[in-house]
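Worksheet for the structure shown next.
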Protein chains: 2
Amino acid sequence: MQSVQGVLDTLARRWTGELLMAGTEGARRFREYRRAVPGISDRMLTLRLRELETLGLLSRTVVPSTPVQVLYAPTKHAAELLEAVRPLVRWGTQHMAKAGAQVVAPAS
Amino acid sequence: MQSVQGVLDTLARRWTGELLMAGTEGARRFREYRRAVPGISDRMLTLRLRELETLGLLSRTVVPSTPVQVLYAPTKHAAELLEAVRPLVRWGTQHMAKAGAQVVAPAS
DNA sequence: CAGTATCCCCCGAGATACTG
DNA sequence: CAGTATCTCGGGGGATACTG
């Protein structure tokens, strides 16, 4: 169980899950992630993207155009992680709602 | 993804995973959990056990002997949750170590 | 045995302003 | 556009002492 604590800590932190999803759903640039995740601040976005990069879940590529572009892309690891999380998502969907777990209110 | 945030938040909090494991590994009474999870304080143990009970992951039974006994038992939900976490554990075992994720140092 | 009750501290995250 | 730099606040969790 200790071996997942790191993943868990990371995934559970605010914004991380949403960012990962945003990535798989087509977000690539900084502002695309920001648009995809309503409410996140530039600071948190930067922090999370860096963390995900460090964990090997996102790749970061700087395109030296003017203005500069930075492209983020989910790695294979991220895809595998998302797969690994699936059963947990199913479990959550089936059991947590009725247990009174607070589901984050949709923005819209 | 929002549907798992609750699970994730819970599982990621300190002690929770270890307590769940302790339960499946035979811990039943308050002090058995305390022994099984080195370093946890009475306060945190109480808090976590209550949370897990609220989430429907542990049942709590008071046996009115002298002194009183309180028995905790993982529910079916907990067993299902543990199953659902498996793939994630595998993913973590395979990928996190080398990513520099801090694995909690084993007590012994 | 199985908890409560306090007090305290640190860190995660928000707000705001600024920059190459 | 894609970030940094500060400041602040709240609450999660530790330490310690006490109790039915």
Side-chain angles (χ1 to χ4, degrees), chain A residues 2 5-20 22-23 26-55 58-73 101-102 104-105 107, chain B residues 2 5-20 22-23 26-55 58-73 101-102 104-105 107:
Chain A
Q2 303 88 308
Q5 201 60 51
V7 208
L8 254 24
D9 288 348
T10 304
L11 284 185
R13 287 173 71 187
R14 201 167 178 193
W15 310 117
T16 312
E18 290 165 83
L19 287 174
L20 242 22
R28 290 162 305 157
R29 306 180 56 174
F30 192 88
R31 37 177 276 278
E32 291 174 354
Y33 276 93
R34 187 171 40 200
R35 292 201 60 227
V37 181
I40 195 171
S41 68
D42 285 0
R43 193 179 83 99
M44 290 314 298
L45 181 49
T46 303
L47 289 175
R48 287 298 178 270
L49 290 175
R50 293 280 189 275
E51 290 173 18
L52 292 173
E53 191 193 353
T54 300
L55 290 170
L58 280 186
S59 68
R60 179 174 184 271
T61 315
V62 178
V63 180
S65 51
T66 311
V68 51
Q69 282 188 29
V70 181
L71 299 178
Y72 296 90
Q102 278 301 49
V104 178
Chain B
Q2 303 89 309
Q5 201 59 52
V7 207
L8 254 25
D9 288 349
T10 304
L11 285 185
R13 286 169 75 184
R14 203 167 175 193
W15 310 117
T16 312
E18 289 166 85
L19 287 174
L20 242 21
R28 288 162 307 158
R29 304 181 56 174
F30 192 88
R31 37 177 278 277
E32 290 174 355
Y33 276 93
R34 187 170 41 199
R35 293 202 59 228
V37 181
I40 195 170
S41 66
D42 285 359
R43 192 179 84 100
M44 290 313 298
L45 182 48
T46 303
L47 288 175
R48 287 296 177 270
L49 290 175
R50 293 278 189 275
E51 290 174 17
L52 293 173
E53 191 193 353
T54 300
L55 290 171
L58 280 186
S59 68
R60 179 175 184 270
T61 315
V62 178
V63 180
S65 51
T66 311
V68 52
Q69 281 188 31
V70 180
L71 300 178
Y72 296 89
Q102 279 300 50
V104 178

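A, B, ... follow the sequence lines: proteins, then strands. Residue 1 opens every chain.
- Distances shorter than 4.0 Å separate none of the side-chain N or O atoms of A:Arg28 from OP1 or OP2 on D:dC1.
- Between A:Arg29 and A:Glu32 no salt bridge is recorded (no basic side-chain N to carboxylate O distance below 4.0 Å).
- A straight line from CG of A:Asp42 to C1' of C:dC18 spans 12 Å, rounded to a whole angstrom.
- B:Val68 is listed as a side-chain neighbour of B:Val62, based on a closest heavy-atom distance under 4.5 Å.
- At the heavy-atom level, A:Tyr72 lies under 4.0 Å from the strands shown only through sugar-phosphate atoms.
- If you check every strand for non-hydrogen atoms under 4.0 Å, A:Ser41 touches nothing.
- Within the 4.5 Å cutoff, the side chain of B:Phe30 has no heavy atoms near those of the B:Val70 side chain.
- One donor-acceptor pair, N or O on each side, does fall under 3.5 Å between the base of D:dG13 and the side chain of B:Arg43.
- Considering only the side chain of A:Arg48, C:dA13 comes nearest among D:dT4, C:dA2, C:dA13.
- Between B:Arg13 and A:Arg29, the residue whose closest nucleotide on DNA chain D is further toward the 5' end is A:Arg29.
- In this structure, the side chains of B:Leu49 and B:Trp15 stay at 4.5 Å or more apart for every pair of heavy atoms.
- Each of A:Val68 and A:Ala12 was matched to the nucleotide of DNA chain C holding its nearest heavy atom; the match closer to the 5' end belongs to A:Ala12.
- Separating the CZ atom of A:Phe30 from the P atom of D:dA2 is a distance of 7 Å, rounded to the nearest angstrom.
- Contact annotation: B:Arg50 side-chain N/O to C:dT4 OP1/OP2 distance is under 4.0 Å.
- Looking only at side-chain heavy atoms (C-beta outward), B:Val37 and B:Leu45 stay at 4.5 Å or farther from each other.
- Between the C1' atom of C:dT4 and the CG atom of B:Leu47 lies a distance of 10 Å, rounded to the nearest Å.
- Here D:dA15 presents its C1' atom at 16 Å from CG of B:Leu45, a figure rounded to the nearest Å.
- Between C:dA13, D:dT4, D:dG13, one nucleotide has an atom nearer to the side chain of A:Met44 than all others, and that is C:dA13.
- For B:Arg31, the listed nucleotide lying nearest its side chain is C:dC1; candidates were D:dG3, C:dC1, C:dG3.
- Listed pair B:Arg60 / C:dA2 fails the phosphate criterion, with no side-chain N or O lying under 4.0 Å from OP1 or OP2.
- Applying the Watson-Crick and G-U wobble criteria (two distances, each under 3.5 Å), C:dG20 pairs with D:dC1.
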